[in-house]
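Read through the structure below, which is laid out as structure tokens, and then see the notes.
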Amino acid sequence: MIKPQTLYALKTSKNQTSSSSLLKRIKRHVTGREKEFFAATSPGLESLCLYELKTFAETGNDFIETNGGVQFAGRITDCFSANLNLRTANRILMRIGEFKATNFMQLEKKLSDFPWELYLPADSRPDINTSTKQSRLYHKDAIAEIFAASIEKRFALNGFAQAAQDSSIPQQIFVRADNDRFIVSIDSSGELLYRRGIKTHRATAPLRETTAAAILKISGYDGSEPLLDPMCGSGTFSLEAAMISQNIPAGRFRNFAFMNWPCFGPQRWAYIKRKAESGVKLISSPRIFASDIDSGACDSLISCIIKYDMLKTVQVEQKDFFDLSPNALTKDKGLVVINPPYGRRMGSRSESVKLFYAVCEKLEKDFSGWKIAMIAPDITLLNSLPPTFKAQTLYHGGLKISLLYGRI
Ligand SMILES: C[S@@+](CC[C@H](N)C(=O)[O-])C[C@H]1O[C@@H](n2cnc3c(N)ncnc32)[C@H](O)[C@@H]1O
């Protein structure tokens, strides 16, 4: 139960509602009813995200896979749970309003009594992220200004609302105008969900954790088999695999924007976390083997693994991939996942392709029977691999990457 006396500060103007009436309204409009959510993903990851949502959803929520994500109906607790558990989503949005407006006066009128205090902490100045399509109102900055002014005015009139516990977590409102219809959503995640809160060390060309999780899933990794990450860099694949193999919820080590919302109930959140933690498995000896030619990268990853108590899950050593023998690490065959340093640092495309062929040759020689997931300089190189190999294009923060995967 949220204790009103600890979370709300009473101001004395005539217009103010009491804290208990605000709590009642929050219950009526937010916590006590189904809301619509959208788990936004990078293009191509929608079906993986849908699969993930279905595996931990408590009830038969209505899921609709659409371009750029999965829409679902549920309680606020489903939103908290999605943030905590999803490995492939970028953020979870909660829809808070929908209306038509064809001119600025109409937009101002629609927003004049919008109950922002039900969703936002009192002192927040959220970023307003606007997109428009085939709408008479298309000036994104002007639309954002009207939204910002309406939020400020609402709080000035009704100073009575919960202040943010941690104002360093950003709040964001997403406004989408499509054919003059405005859809208003609030971002429940804060920082993008690929930020798991583990990696503080710097790296060259790191992958996003959401992309790494998707690559592991696409290539059939289920957490039980050995995993080799022989060009590990900052260790994105290894850390992600460590969390998957132990069933550690993706968001265990971070905070979320919803934790500052007026509807946030710490006890409800503690229950959701306890439930997720009850599935965590202990591992007795490492099945994830990370290595890199760069000793600095290995040292940083080791420090991170020690800090997050994953020494029993991940083993790190400094090694040239071309000197690596998988049999020296494990007698079982599993997945080897490779993200070589292509692109600008490699110089020309022909240099990248040469490295790709050298990696393939090494894999063919020493990794027979292993599953392979490899990022390639481009997708046409699939033709140089055995016919059972498949390709998938993924998007990594706007960049296209080509994943080739199969078994040798
Ligand atoms: C693109 S980065 C990998 C990024 C990594 N996936 C991450 O998320 O941080 C490529 C890595 O390959 C390593 N590397 C290059 N040549 C290598 C080799 N012959 N053996 C092992 N590692 C190598 C580099 O040191 C670099 O850390």
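Read the numbers this way: they start at 1 and go in the same order the structure lists the ligands and their atoms.
Atom numbering of ligand 1 starts at 1 in the shown order; those under 4.0 Å from a heavy atom of Gly233 are 9 (O), 27 (O). Residue contact check: Ser234 has heavy atoms under 4.0 Å from atoms 7 (C), 8 (O), 9 (O) of ligand 1. Under a 4.0 Å criterion applied to the non-hydrogen atoms of Pro230, ligand 1 contributes the atoms 21 (C), 22 (N).
For the pair Phe322 and ligand 1, the shortest N or O to N or O distance does not fall below 3.5 Å. Every N/O-N/O distance between Asp294 and ligand 1 stays at or above 3.5 Å. Backbone and side-chain nitrogen or oxygen atoms of Ile293 are examined, and one is located within less than 3.5 angstrom of a nitrogen or oxygen of ligand 1. Taking distance alone, with nitrogen or oxygen atoms compared against 3.5 Å, Leu207 approaches ligand 1 more closely than that limit.
In this structure, a donor-acceptor pair under 3.5 Å is present between the side chains of Gln246 and Thr313. Looking at Ser238 and Asp229, their side chains do bring a donor and an acceptor atom within 3.5 Å of each other. There is a side-chain donor-acceptor pair under 3.5 Å between Thr88 and Glu52.
The heavy atom nearest to atom 20 (N) of ligand 1, out of those in Phe237, Tyr342, Phe321, is found in Phe321. Taking only non-hydrogen atoms, the option from Leu239, Asn339, Asp320 nearest to atom 1 (C) of ligand 1 is Asn339.
Using a 4.0 Å cut-off between heavy atoms, Ala212 makes no contact with ligand 1 at all.
Judged by distance alone, with hydrogens and angles left aside, the side-chain atoms of Thr236 form no donor-acceptor pair with the main-chain N or O of Pro206 at under 3.5 Å. Judged by distance alone, the side chain of Asp178 and the main-chain N or O of Arg181 form no donor-acceptor pair under 3.5 Å.
For the pair Ala297 and ligand 1, no heavy-atom separation below 4.0 Å is found. Distances from ligand 1 to the non-hydrogen atoms of Ser291 include no value under 4.0 Å.
The aromatic rings of Phe114 and Trp116 sit tilted relative to each other, their planes meeting at an angle between 30° and 60°.
Paired with Phe37 under the rule ring-ring contact (aromatic ring centres under 6.0 Å, His included), one option of Phe80, Phe258, Phe72, Phe63 passes, and it is Phe72.
Around atom CZ of Phe322, more than 12 heavy atoms belonging to other residues, nucleotides or ligands sit under 6.0 Å away.
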